[in-house]
Amino acid sequence: MKAPLIKISNLRKTYGNFVALHGIDLEIAQGEVLCVVGPSGSGKSTLIRCINHLEPFEDGSDITVDGIPVRAGPDLDQVRAEVGMVFQSFNLFPHMTVLRNVMLAPIRVRKMSEADAEKRARDLLERVGISVQADKYPAHLSGGQQQRVAIARALAMEPKVLLFDEPTSALDPEMVGEVLDVMKKLAGTGVTMVVVTHEMGFARQVADRVLFMDGGAIIEAGTPGEIFDAPNEERTRNFLQAVLAH
Amino acid sequence: MDLFSTFFNIPVLMQSLPQLMNGLLVTIGIGATSIIAGLIGGLVLAVMRLYSGPLVNALVRGYIDVFRSIPLLVLLIIVYYALPFVGIRLSPFFSAVTALTLVSSAYTAEIFRAGIEAIPKGQFEASAALGLSNRYTMTDVILPQAIRIVIPPLTNNCINVLKDTALASVVAMPDLLKQATQAQALAANPTPLIGAAVIYLILLLPMVRFVARLEKRFSRGRS
């Protein structure tokens, strides 16, 4: 097996007296699609927000992405340029057209020319099925379309890994499918993906490995078959029963 | 002498009008310089407060509190009459601009801070996640959105600065008010003062209406 792309060791995060993450150890391989599931407040969003240091973590914790340590300081923007993120609430820039949203970071961070950035942006918008709306503003798009633009915006940086923080949780039910379809296509291209999600069907179908978290710790990890069909832990069984029952 | 020829004496007004116009130019000069310098100062202070450590933060907060508390007239008199004792001699124009800018920067900094803080956290996070530096996060993402929010309060601040330029007459600055009081003394008739008041109104009323309209539009957009 290749060297892991992301190495997390003893990751601890606290909010005052509340311990959000209890010393997590995790390695994510190049090209792996990892789905993180678990109840609300289990620390799964906090975990992936630590990977690009949107959440600062405790001393003694250690995260590296492609060998570069993730920590506050001058190198942080460099790490972040290699780690794409898609948010629950899209977070598109409302004062820019869809096209400019996708072009901004390649121009500013990668120092790409306007023309090259525009070409790449149009290609990516085509890939996520938004090419017709390229010159509209985000407010004129549906939630599903906005989230697909956000995926294109993250991809424009050609990141080594894409983090998804509950990408379909803020969407109307009829729009969940279109976003999951784009993510499924992506997973087939060999991009490394870490996906925090409540979509168990997606996790079962697309994930190479599923991580079940509860109470700020990884309870168990395994292939979708192992986790969904034959979980070892009581807590995993209870959680799956609760979410799959309805 | 009836009321009309006392307060609205046309020959006196005509005679003093060139003097008043000169004063208006001085008023606009002081006002525009102070407004522009205050905008720059305020923006720098607001961004410093956002991105620097606790020490600088405390200094900036101290500056803002002091200059929002001190009466402008007191500050102006200190700059013009007290600073020469330590060897700092500023012309009436620069005394007025300095005092107005110091105070305007403090108010503008608070306006910009409120504008920046009104931008959702997700915008900062999305910028950070893309690897944008603090500088580009500000210039490309945050400020263009914040400017729209702060235009009404900034315009209000401009109105206040323009009105406060009248205090410069205290330090012998030949601004609109000073010219009017001189013309009044010369003509032994208060009409030039009324004329100056009308000119202030012509200058400022449109800005007041503009702010009112903007505020109405913004509140409609929110609901």
Side-chain angles (χ1 to χ4, degrees), chain A residues 45 48-49 51-56 65 68 70 72 74-96 100-111 137-139 146-147 149-150 152-165 170, chain B residues 39 43 46-58 111-155 214-223:
Chain A
S45 282
I48 70 162
R49 287 166 57 84
I51 295 176
N52 61 356
H53 208 272
L54 283 187
E55 296 289 348
V65 174
I68 313 169
V70 177
D75 297 340
L76 185 57
D77 286 339
Q78 220 179 318
V79 177
R80 284 172 168 171
E82 305 303 331
V83 180
M85 187 167 216
V86 175
F87 298 87
Q88 182 176 344
S89 48
F90 330 136
N91 295 346
L92 293 179
F93 305 132
H95 59 299
M96 293 180 196
R100 298 300 306 187
N101 262 277
V102 182
M103 289 169 63
L104 177 67
I107 290 174
R108 290 306 199 200
V109 182
R110 298 270 192 244
K111 308 295 175 199
Y137 285 87
Q146 288 191 47
Q147 194 59 301
V149 174
R153 179 175 69 175
L155 284 174
M157 290 294 285
E158 299 190 317
K160 296 196 167 86
V161 54
L162 265 179
L163 310 174
F164 291 84
D165 189 4
Chain B
L39 281 176
L43 183 58
V47 172
M48 270 167 74
R49 210 177 149 177
L50 206 65
Y51 282 123
S52 54
L55 178 69
V56 177
N57 206 316
I111 293 169
F112 275 121
R113 185 178 62 91
I116 290 168
E117 281 177 359
I119 304 301
K121 205 167 136 245
Q123 295 289 306
F124 289 89
E125 291 190 345
S127 307
L130 286 166
L132 288 176
S133 62
N134 285 342
R135 182 186 142 208
Y136 287 133
T137 300
M138 270 295 136
T139 57
D140 293 350
V141 179
I142 304 304
L143 290 180
Q145 297 183 64
I147 294 287
R148 281 176 225 195
I149 301 172
V150 300
I151 280 176
L154 277 185
T155 314
L214 280 182
E215 280 171 346
K216 207 167 138 195
R217 205 170 76 199
F218 274 94
S219 65
R220 203 186 310 140
R222 258 201 305 275
S223 55

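In what follows, chains are A, B, ... by sequence order, proteins preceding strands, each numbered from 1. No hydrogens, no waters, no symmetry mates; every other heavy atom, side chains included, goes into these values.
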Applying a strict 4.5 Å limit to non-hydrogen atoms, the region of A:L92 in contact with chain B is backbone
So, the side chain of A:N91 versus the backbone of B:G122: is there a donor-acceptor pair under 3.5 Å, distance only? yes
Heavy-atom nearest pair, A:P94 first then B:Q145, reads CG-OE1, 3.1 Å
Notebook entry, point to check: Would you call B:L132 and A:D77 a side-chain contact if the rule is heavy atoms closer than 4.5 Å?
Noted result: no
Find out whether A:L104 and B:D140 are in side-chain contact, i.e. whether some heavy atom of one side chain is under 4.5 Å from a heavy atom of the other.
yes
Around A:R100, counting heavy atoms of other residues, nucleotides and ligands shown, do more than 12 lie under 6.0 Å from its CZ? no
Heaviest contributor of heavy-atom pairs below 4.5 Å to chain B, chosen from A:Q78, A:R108, A:H53, A:R49, is A:R108
If one checks every heavy atom of A:F93 against chain B at 4.5 Å, the contacting part turns out to be both
Note: A:H95 and B:P144 closest approach over all heavy atoms is CD2-CB, 3.5 Å
When the 4.5 angstrom heavy-atom criterion is applied to A:R153 and chain B, the contacting part is both
